[in-house]
Novice: 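Just dropping this structure here.
All values reported here derive from a predicted model rather than from experimental measurement.
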Amino acid sequence: MATWEDAVCEARAAEAQIRRAVATAGVELPYLASARSIAYPSPAFRIELGGATVADTRRLAELIVKGLESEGHRPRPVPAPGVLVTDTRTMQVGKVVGWDSERGSLTLAPADGGEPWDTTVYRDSTERERLEYRIAANRHQVRLVTRRR
C-alpha cells in the first residue's frame, strides 16, 4: 500500500511533468496545484489545472488530439454551440445547443423551434443540409412574426 509520502512525491512529479509539457507547447496554466484527495480509500492526490485562457485551452486540446492521432486514435471533436450537425440516426439537422460529456451526447435544436433532442451519432452537415435548415428556420420566424399581427 502506498504511503502519503509516496503520493506526495508522485503528485509533485506529475505536476512538474505537466508544467514542463504545457510550457514547451507555449500554453500557460496560471493555476496548477496538487491537492490531497479524500475520495479514495488509499493515499491519493489530484492535480488541479486551471486558470487557462480560452486560447491556451484550445492549444492544449489541439496538442492532445495530435498526440492521440499519432498513437492511432481518432478523437471526434465536439462541435461548438450554434454549429449545424446532422443526427445520423434520424438524418435530421439541428443546431448544437448543448453537450453532455458523460454520455457523449449533443443536444440539438430543430429549425422549426420544436423540442430539442439528444444524439450520440452525428456528422458535419453538408452545405445543402445547412441551407435547408436556414430556409426552414426563416419560414418558422416568418410564421411567428405574421401570427403576432
Novice: Measure the spacing between CZ of Arg128 and CZ of Arg130 and express it to the nearest 0.5 Å.
Specialist: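 Answer rounded to 0.5 Å: 13.0 Å.
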Novice: Are Trp99 and Leu60 linked, directly or through other ILVMFWY residues, by side chains that come within less than 4.5 angstrom of each other?
Specialist: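 Hydrophobic grouping puts Trp99 apart from Leu60.
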Novice: Shortest non-hydrogen contact from Tyr133 to Ala109?
Specialist: OH-O, 3.2 Å
Novice: Arg12: which residues meet the salt bridge (charged side-chain N to carboxylate O under 4.0 Å, His left out) condition with it, sequence neighbours left out?
Specialist: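 Result, salt bridge (charged side-chain N to carboxylate O under 4.0 Å, His left out) vs Arg12: none returned.
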Novice: Can you tell whether the side chains of Glu127 and Arg134 come within less than 4.0 Å, N to carboxylate O?
Specialist: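 Yes, this pair counts.
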Novice: For the CG atom of Leu108 and the OH atom of Tyr122, what is their distance to the nearest 0.5 Å?
Specialist: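 Output value for this atom pair is 9.0 Å.
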Novice: Please find the pair of heavy atoms, one from Thr120 and one from Arg103, that lie closest to each other, and give the distance.
Specialist: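 That would be CG2-O, 3.9 Å.
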Novice: Quickly, which of Thr88, Thr107, Asp87 forms a side chain to side chain donor-acceptor pair (under 3.5 Å) with Thr119? Name it, please.
Specialist: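 With Thr119 as partner, Thr88, Thr107, Asp87 yield a single side chain to side chain donor-acceptor pair (under 3.5 Å), made by Asp87.
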Novice: More than 12 heavy atoms of other residues, nucleotides or ligands under 6.0 Å from CD of Glu115: yes or no?
Specialist: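 Count not over threshold, so no.
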Novice: Quick one: side chain to side chain contact (heavy atoms under 4.5 Å, CB included) partners of Glu48, sequence neighbours excluded?
Specialist: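 Partners of Glu48 under the side chain to side chain contact (heavy atoms under 4.5 Å, CB included) test: Tyr31, Ala35, Arg46.
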Novice: Are Ile64 and Ile18 co-members of a hydrophobic cluster defined by side-chain heavy atoms under 4.5 Å apart?
Specialist: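 Same hydrophobic cluster.
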Novice: List the residues meeting salt bridge (charged side-chain N to carboxylate O under 4.0 Å, His left out) with Arg19, not counting sequence neighbours, and say none if there are none.
Specialist: Glu15
Novice: Tell me whether the count of non-hydrogen atoms from other residues, nucleotides or ligands lying under 6.0 Å of CZ in Arg123 goes above 12.
Specialist: yes
Novice: At what distance, to the nearest 0.5 angstrom, does CD of Glu129 lie from CG of Asp124?
Specialist: 10.0 Å
Novice: Trp117 and Val78: same hydrophobic cluster, using ILVMFWY side-chain contacts below 4.5 Å?
Specialist: yes
Novice: Minimum heavy-atom separation for Val93 to Ser125, with atom names?
Specialist: CG1-OG, 3.7 Å
